[in-house]
Each structure stands twice: as C-alpha cells, then as structure tokens.
Amino acid sequence: MISPDQFDMRAEVDRAIGEAPITDLHTHLFAPEFGKMNLWGIDELLTYHYLIAESLRADPTLSPEQFFASTKSEQADFVWKTLFVDRAPLSEATAGVLTVLQAFGLETESTNLKQAREFFADQDPRSHLDRVLELAGVQALVMTNDPTDPAERALWDAGIEPDPRFLTALRVDRMVDADEATLQKWVDRMKPRYVAISLTEIGSLPEPFFAICRKNNLPFAIMLGVRRAINPRLGPAGDGVITADLSRLEDLVRKNPDIRFLVTTLARENAHGLCVAARKFPNLLPFGCWWFMNNPSLVEEQTLMRLEMLGPTFVPQHSDARVLEQLIYKWTHSRGSISNALAKRFSDMPVAPSPDKIQQTANALMGGIAQGWIS
Ligand code: FIX
Ligand code: ZN
C-alpha cells in the first residue's frame with residue numbers, strides 16, 4: 001500500500017528531477033559554429049550506430065558492406081523499415097527515436113519517413129537548437145573535442161568560438177605520443193573543462209596527460225571497458241565491452257591524489273567495484289551509465305546502488321548524444337530511471353525527506369555536482 005505521504009514524496013521527486021537543470025558531462029555533439037559536424041534530423045537519428053548494429057542483426061540479408069555503400073537516406077530507410085515497420089520496436093535505441101518523433105508531434109507508425117524529413121528540413125537550425133535544449137532540460141553540455149580530427153582542427157585553427165552552452169573537453173585517445181607543450185597548446189586554444197580518454201584497460205598512461213591536468217587544474221576523465229572493433233565490418237557500430245581490472249584504477253587514483261578523476265565504466269560487472277573505489281577516494285567521481293549501460297533497467301539499478309553506496313556524491317547520467325535531438329530522449333528516459341531510483345531510496349529511508357532535501361538532491365544529481373567538478 002502506498003501511503004498518501006509516499007505518494008506526495010514520489011510526485012515531489014518526479015517534479016524536482018523533471019525541473020532540475022541538466023549539465024550533460026559527456027556528449028559527441030558540436031555547437032552550430034562547427035557547421036556540418038553538428039548532426040541533427042531524422043536521417044542522422046536513424047543512422048545512429050546503436051541502430052545500425054541492431055538493424056544489421058535483425059536483417060542480415062543486407063551485408064554491412066552493402067549498408068555502408070548506400071547513401072545516408074537509404075541507410076535511414078533500411079533502419080526504419082527493419083526495426084520500426086517489419087517488427088515491433090522494443091530496444092532502447094528504437095524507443096529513443098519514437099520519443100523524439102512524439103516530442104515533435106510526428107507520426108510514429110508511418111511506413112516511410114516523408115513527414116519527418118519535411119519537418120526537419122523546415123527547421124531553422126538556431127531556433128531548433130534552442131527548442132531541443134529546452135525540451136531536454138539541458139542548460140550546458142560538454143562536447144568531445146579531438147585535435148587529431150582534421151575537420152575539427154581546421155575550425156580551431158580558424159579561431160572558432162562555440163556557443164557558450166557547449167563546453168569543451170580535450171579528447172586524447174589519439175594523442176598518446178603528444179608532448180606537454182602540444183597538449184598545453186590545445187588546452188590554451190580549446191579551454192577544455194577536462195582531459196578525456198577511453199580505454200580497454202588502464203595501462204601505463206603518458207606522463208604529459210597528468211602534467212597537463214596538474215598544471216591547469218583539470219580533471220582527467222577515463223571511460224573504461226570498451227573493446228574496440230570486435231566486429232570491424234560494423235564500422236562505428238562494431239565495438240564491444242570487457243570487464244576491466246579496477247585495481248589498476250584504484251592504484252592510479254591513489255598515486256595521484258592531486259588529480260580529480262571522472263570515471264565511467266562500460267561493463268555492468270564493473271559498476272559495483274567503481275562504487276567501492278569511489279568510497280575510498282574523494283578525488284574519484286563516478287559518472288553516467290555509459291553506452292551499453294544506458295538502458296532504463298540498468299540506469300535505475302546502477303543509480304540505486306550508487307545512492308546506497310555513495311549518497312548524492314556522483315553524477316548519475318550523461319547522454320553521450322551524437323545527434324542533437326537524442327538529448328530529448330536520452331534525458332527524458334534517464335530522468336524516469338533516476339526518479340524511480342531516488343524515490344525508492346528516499347522511501348526506504350527510516351525518515352521521510354523534506355521537500356528542500358529532495359530539491360537539493362535533484363539539483364545536485366542532474367547538474368550541480370557536474371558543474372562543481374568542471375567549473
Ligand atoms: O568513446 C566514447 O566516447 C564512446 O561513447 C563512443 O565511442 C561510442 O561510440 C558511443 O557513442 C557510445 O555511446
Ligand atoms: Zn562517448
């Protein structure tokens with residue numbers, strides 16, 4: 001039986017989580033100033049690499065090579081037909097497309113993409129951006145900025161000044177040979193909020209990464225547990241997961257107490273160990289439910305575990321959005337899972353929370369803690 005008190009508490013949690021301004025700690029979005037790198041619209045949404053993997057699995061009569069040889073709109077048509085028309089869309093990535101279509105009042109059961117294509121073609125990019133951020137509840141988001149990407153590098157060299165809602169992060173996956181001076185040049189140019197890398201396992205990381213974080217007081221973000229290209233034929237959709245050895249992370253964080261580490265892990269099996277490590281090291285911030293963890297059931301499970309083990313001292317979610325409108329679905333769905341976890345945790349506590357405490361917790365989880373670590 002739900003008592004009237006619990007019912008009010010649940011409504012209050014939903015409202016507070018729903019209204020709390022979001023700081024999205026990791027995305028692959030680009031500000032409008034980046035031109036073609038700023039992806040939006042139905043064809044981009046449907047050719048998200050999550051959906052490519054799912055559609056080529058559902059209909060293996062099309063080979064990956066044939067898929068990638070076709071145009072973007074042909075690819076989008078294939079994904080739509082395969083995952084939305086020929087069978088019931090049930091995966092989280094397909095739910096995401098439907099949530100976006102619904103948000104704009106577009107058809108979700110059409111056999112073609114005509115209406116959606118016309119709608120997106122009609123949008124003014126700037127006002128569309130404002131509308132998407134408003135619908136998603138996002139006040140600021142962090143891009144992934146890679147100086148080794150020739151297109152991106154050219155824009156920085158030309159003195160680009162991104163929309164201030166789009167914060168920068170210096171991605172160093174492909175800069176393991178860079179010296180400190182080179183990294184400092186990019187820090188000066190991009191003014192990143194943190195330095196970031198994705199790893200399969202933590203090995204011996206280049207000393208300049210640490211030097212640059214120390215010198216500029218920047219956090220070091222580690223995204224741990226991706227095994228790249230387990231099926232190279234799938235291109236960007238071909239990556240997998242491994243359970244990482246977290247003792248290496250613990251050693252790293254212990255040996256560098258003056259560096260703040262933002263860490264997310266990809267394997268469900270690493271979620272508990274990351275909480276244990278974070279209990280020991282205040283310079284370690286668990287963030288987000290990354291990629292294969294970004295499913296409502298796992299977001300709820302992981303958020304509840306983090307609340308039980310860490311209290312409100314972590315960042316429950318980031319979007320990892322690659323296409324602008326994904327912000328709408330990723331945050332709508334995540335807010336639901338986070339609300340479920342938070343309401344459950346509050347209701348399991350021996351003492352009911354005050355409305356102020358609910359508000360404070362929601363603001364901290366959705367944006368305040370992230371802002372505190374990257375400001
Ligand atoms: O390394 C990353 O930042 C990953 O998030 C990406 O490589 C991955 O492709 C992705 O989009 C996951 O959501
Ligand atoms: Zn990412």
Side-chain angles (χ1 to χ4, degrees), residues 23-30 37-40 44-54 56 64 68 79 91-97 100 138 141-149 152 166-176 192-202 205 209 219-242 244 261-268 270-271 286-296 298-299 302 315-331 333-334 370 374:
T23 293
D24 193 339
L25 212 41
H26 168 64
T27 78
H28 298 267
L29 298 177
F30 288 95
M37 297 175 73
N38 163 28
L39 304 182
W40 58 285
E44 298 295 348
L45 285 165
L46 284 168
T47 52
Y48 189 29
H49 65 75
Y50 293 32
L51 293 166
I52 293 176
E54 290 173 27
L56 291 173
F68 289 116
V79 172
S91 72
E92 172 59 9
T94 57
V97 173
V100 171
V138 170
L141 59 89
V142 186
M143 301 179 283
T144 295
N145 302 103
D146 181 356
T148 69
D149 178 90
E152 178 164 3
F166 290 71
L167 312 174
T168 50
L170 175 58
R171 185 73 177 237
V172 294
D173 291 37
R174 295 189 287 189
M175 298 186 85
V176 287
R193 301 307 176 110
Y194 58 78
V195 174
I197 195 163
S198 73
L199 298 169
T200 306
E201 280 284 8
I202 292 182
L205 287 160
F209 291 171
F220 190 18
I222 298 179
M223 309 182 68
L224 189 58
V226 53
R227 194 156 167 258
R228 297 284 179 194
I230 60 168
N231 184 355
R233 291 178 68 201
L234 290 180
D239 299 340
V241 60
I242 67 146
F261 292 89
L262 311 172
V263 178
T264 195
T265 53
L266 195 51
R268 186 186 190 187
N270 277 141
F287 78 94
C289 298
W290 183 25
W291 198 348
F292 308 121
M293 290 297 290
N294 184 19
N295 301 305
L298 298 181
V299 176
Q302 182 162 229
V315 174
Q317 189 57 310
H318 66 272
S319 77
D320 234 308
R322 285 178 177 267
V323 181
L324 180 64
E325 299 86 3
Q326 287 173 342
L327 288 173
I328 299 170
Y329 96 77
K330 300 237 186 193
W331 283 111
H333 296 193
S334 291
I374 63 171

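Both ligands and their constituent atoms are indexed starting at 1 by order of listing. Throughout, residue positions are numbered sequentially from 1 according to the sequence presented.
Looking at Q326, its side chain does come within 3.5 Å of a backbone N or O of V323 through a donor-acceptor pair. Using modelled atom types, no side-chain atom of S319 and backbone atom of T27 make a donor-acceptor pair closer than 3.5 Å. Panel note: side chain N295, backbone L298; no donor-acceptor pair is recorded below 3.5 Å.
Nearest-residue assignment for atom 1 (O) of ligand 1 (options R171, M223, K330; heavy-atom criterion): R171.
Between the side chains of S198 and R171, at least one donor N or O sits under 3.5 Å from an acceptor N or O. There is a side-chain donor-acceptor pair under 3.5 Å between Q317 and N294. Residues N145 and T168 bring no donor and acceptor atom of their side chains to less than 3.5 Å of each other.
Counting only heavy atoms from C-beta outward, the side chains of I374 and T23 approach each other to under 4.5 Å.
Note on ring orientation: taking the six-membered ring where Trp is involved, the planes of H26 and F287 are perpendicular (angle over 60°, cut-offs 30° and 60°). Aromatic ring orientation, Y50 versus W291: parallel (interplanar angle below 30°, classes split at 30° and 60°).
In the vicinity of R322, heavy-atom distances shorter than 4.0 Å reach the ligand 1 atoms 6 (C), 7 (O), 8 (C), 9 (O), 10 (C), 11 (O). The atoms of ligand 1 that sit less than 4.0 Å from any heavy atom of H26 are 3 (O), 5 (O).
Protein heavy atom at the shortest distance from atom 9 (O) of ligand 1 is H49 NE2, 2.8 Å. Scanning all protein heavy atoms for the shortest distance to atom 13 (O) of ligand 1 gives Y50 OH, 2.6 Å. Here the protein heavy atom with the shortest distance to atom 4 (C) of ligand 1 is W290 NE1, 3.6 Å.
Contact annotation: for R228 versus ligand 1, heavy atoms closer than 4.0 Å belong to the side chain alone. If you look at Q326 next to ligand 1, there are no close heavy atoms at all, none under 4.0 Å.
Taking CG of L199 as the reference point, atom CZ of R227 lies at 15.0 Å (rounded to 0.5 Å).
Take the Zn ion (ligand 2) and draw a sphere of radius 2.8 Å; the protein N/O/S atoms inside it number 3.
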